[in-house]
Amino acid sequence: ESALIPLSKWYSWYRLARKGKRRSTAQLLFEIEYPSQLRKIWTMMCGTAPYIPLDSRGFVLKYPSPREVIHPEFIDRIPQTMWCETMRPAIEKRMDDNSFSCRVGRGALAAVDKLISYYFEESEGGKEPCVFVSIDQKSFFLHIYKPMVVKMYEDVINEEFASNPEMRDFLIWLCHKLYLSVPSEHMIRESPLSDWNLLPPHKISANLPWHTGVDIGNLIAQMAGNFVSALYLAIFRAYGYTTFVHYTDDVKLVLKRSRLQQFLEIFMPELREGEKVFHLELNEKKTTVQPVEHGVTAFGYFIKLSTGHR
């Protein structure tokens, strides 16, 4: 067995990869002969055989709004699981404390509770009138600039695994394999071709340059999204806006009405310019200001505060 990563570890990542996953033909075929299949992926990760991801599967989800999903074959979920489990501790240290979604103990309800606590903090116990500012990213995952993400990961790997050169080099190699591939080039369509007509051109992976976009059907997408989000959330903190909650591509900020004009006239232009550096773009149609007493839809919940009650 490899001195770097024993086969037993790959077995544990295989078990994680199948946990909570809806059974598919590819998964069942893998499990029928999982000892030989697991050894196959292990030999590819050890470098004794070339690792070439299998054809991805693509389909169009129609609810709540049409979007393209491209997901890997089951066998390719195992290296992605290994990547996420290995890199998560290092990435968590670099995440903003107000960032939620796909983090342990930080689901939608925790995000809602945090936002409510910020209302009472910003409003001084409900005494000062406040607004909810909603800031949304335009096609967030499809705007992620892959070479930038890879460089960010390389910096983390070089720092965190400096004492283990073999693991450092392996993770950098795997990072390139996972993030610089172009799944849309070898995708098997599972939805009728006509379903792609429901999507605007900028939301179809095949229309994007190779270096742009991380497909949301992949395990590695959310980690990359959270990692990139930490960059533009730093802009909020640099300007003293800390009463925000971030969830995937959505930011909700609680703000005193007396601070709103300065926020809109000074901060928002700076945020737009700052996001260009990270190859991101605000979704102006979904960037709104709502009085707290009117309520706001956030993270799958409707929040309306009145005399201190949800």
Side-chain angles (χ1 to χ4, degrees), residues 1-10 12-13 16-17 41-53 72 76-104 106 140-183 209-216 218-238 246 248 274-280:
E1 290 193 354
S2 169
L4 180 61
I5 304 175
L7 183 58
S8 58
K9 286 293 294 182
W10 289 102
S12 66
W13 290 321
L16 278 176
I41 194 70
W42 177 62
T43 56
M44 288 190 286
M45 293 297 105
C46 289
T48 55
Y51 174 53
I52 302 174
D76 292 316
R77 288 178 63 90
I78 299 172
Q80 291 192 18
T81 301
M82 178 274 174
W83 169 264
C84 292
E85 292 300 307
T86 303
M87 292 299 298
R88 182 173 289 113
I91 300 303
E92 281 290 325
K93 292 191 295 185
R94 293 162 173 82
M95 291 296 299
D96 191 287
D97 192 51
N98 288 356
S99 184
F100 292 74
S101 178
C102 294
R103 299 178 69 190
V104 177
R106 290 174 171 266
F140 176 59
F141 288 100
L142 294 180
H143 270 80
I144 290 177
Y145 186 59
K146 295 193 284 190
M148 180 187 71
V149 172
V150 168
K151 179 61 169 63
M152 290 167 61
Y153 275 128
E154 286 177 347
D155 291 343
V156 172
I157 292 168
N158 283 323
E159 180 181 340
E160 295 288 333
F161 296 90
S163 61
N164 188 345
E166 194 177 3
M167 177 62 83
R168 178 198 63 201
D169 293 345
F170 170 74
L171 289 172
I172 290 175
W173 170 82
L174 184 59
C175 179
H176 284 230
K177 283 289 185 180
L178 296 179
Y179 283 102
L180 297 182
S181 64
V182 187
W210 71 268
H211 52 70
T212 302
V214 180
D215 298 299
I216 60 175
N218 289 263
L219 297 173
I220 59 174
Q222 188 62 56
M223 178 175 285
N226 284 342
F227 198 13
V228 171
S229 297
L231 298 176
Y232 73 81
L233 294 179
I235 303 175
F236 284 81
R237 294 196 178 276
H246 165 256
T248 310
E275 290 205 343
K276 290 179 182 178
V277 177
F278 310 129
H279 303 267
L280 300 175

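Nothing fancy with the numbering, it's 1 onward along the sequence.
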### Task
Working to the nearest 0.5 Å, report the span between CZ of Arg88 and CG of Asn226.
10.0 Å

### Query
Considering only heavy atoms from C-beta outward, does the side chain of Met82 approach that of Leu171 to under 4.5 Å?
yes

### Query
Is there side-chain contact between His246 and Asn98, with heavy atoms separated by less than 4.5 Å?
no

### Query
Going through the checks in order, is the side-chain contact (heavy atoms from CB on, under 4.5 Å) test met by Phe278 and His143?
CA-CA 9 Å; Phe278 310 129; His143 270 80; over 6 Å; no

### Query
How long is the gap from CD1 on Ile157 to CZ on Phe170, to the nearest 0.5 Å?
10.0 Å

### Query
Do Trp13 and Ile5 have side-chain heavy atoms sitting under 4.5 Å apart?
yes

### Task
Mind checking the OG1-CD1 spacing from Thr81 to Ile220? Nearest 0.5 Å is all I need.
10.5 Å

### Query
Ignoring hydrogens and geometry, is there a side-chain-to-backbone donor-acceptor pair from Glu160 to Ala90 under 3.5 Å?
no

### Task
Show your reasoning for whether side-chain contact (heavy atoms from CB on, under 4.5 Å) applies to Trp42 and Lys9.
CA-CA 10 Å; Trp42 177 62; Lys9 286 293 294 182; over 6 Å; no

### Message
Go through it in stages, so that I can follow the logic: the residues are Phe161 and Thr86, the test is side-chain contact (heavy atoms from CB on, under 4.5 Å), and I'd like the CA-CA distance, side-chain angles, deciding distance and then a yes or no.
### Response
CA-CA 11 Å; Phe161 296 90; Thr86 303; 4.1 Å; yes

### Task
Run the salt-bridge test on Glu159 and Lys93 with the 4.0 Å N-O cut-off and return the result as yes or no.
no

### Summary
Shortest non-hydrogen pair, Gly225 vs Phe140, comes out as O-CZ, 3.4 Å

### Message
For the residue pair Tyr232 / Asp96, report whether a side-chain donor-acceptor contact shorter than 3.5 Å exists.
### Response
no

### Side-chain touch Asn218/Pro72, heavy atoms, less than 4.5 angstrom
yes

### Query
Going from OH on Tyr51 to OG1 on Thr43, what distance comes out if it is rounded to the nearest 0.5 angstrom?
12.0 Å

### Query
Quick check: does any side chain N or O of Lys146 sit under 3.5 Å from a backbone N or O of Val214, one acting as donor and the other as acceptor?
no

### Query
Going by heavy atoms in the side chains, are Val149 and Ile144 under 4.5 Å from each other?
yes

#### Entry: Close side-chain approach of Leu219 to Arg77, heavy-atom, < 4.5 Å
yes

### Summary
Looking only at heavy atoms, the pair that brings Val150 and Leu180 closest together is CG2-CD2, 3.8 Å

#### Entry: Gap separating the CG atom of Leu4 from the CE atom of Met45, nearest 0.5 angstrom
11.5 Å

#### Entry: Which atom of Pro79 lies closest to which atom of Trp10, heavy atoms considered
CA-CZ3, 4.1 Å

### Message
I want to check something: taking the side chain as every heavy atom from C-beta on, are Phe141 and Thr248 in contact at a cut-off of under 4.5 Å?
### Response
yes

### Query
Which heavy-atom pair separates Leu178 from Gln80 by the least distance, and what is that distance?
CD2-CG, 4.0 Å

#### Entry: Working for side-chain contact (heavy atoms from CB on, under 4.5 Å), residues Tyr153 and Ile172
CA-CA 8 Å; Tyr153 275 128; Ile172 290 175; over 6 Å; no

### Task
Supply the atom-to-atom distance Asp76 CG to Ile41 CD1, rounded to the nearest 0.5 angstrom.
6.0 Å

### Flag, side chain of Lys177 to backbone of Pro53, donor-acceptor distance under 3.5 Å
no

### Query
Side-chain contact, heavy-atom cut-off 4.5 Å: Leu231 with Met152?
yes

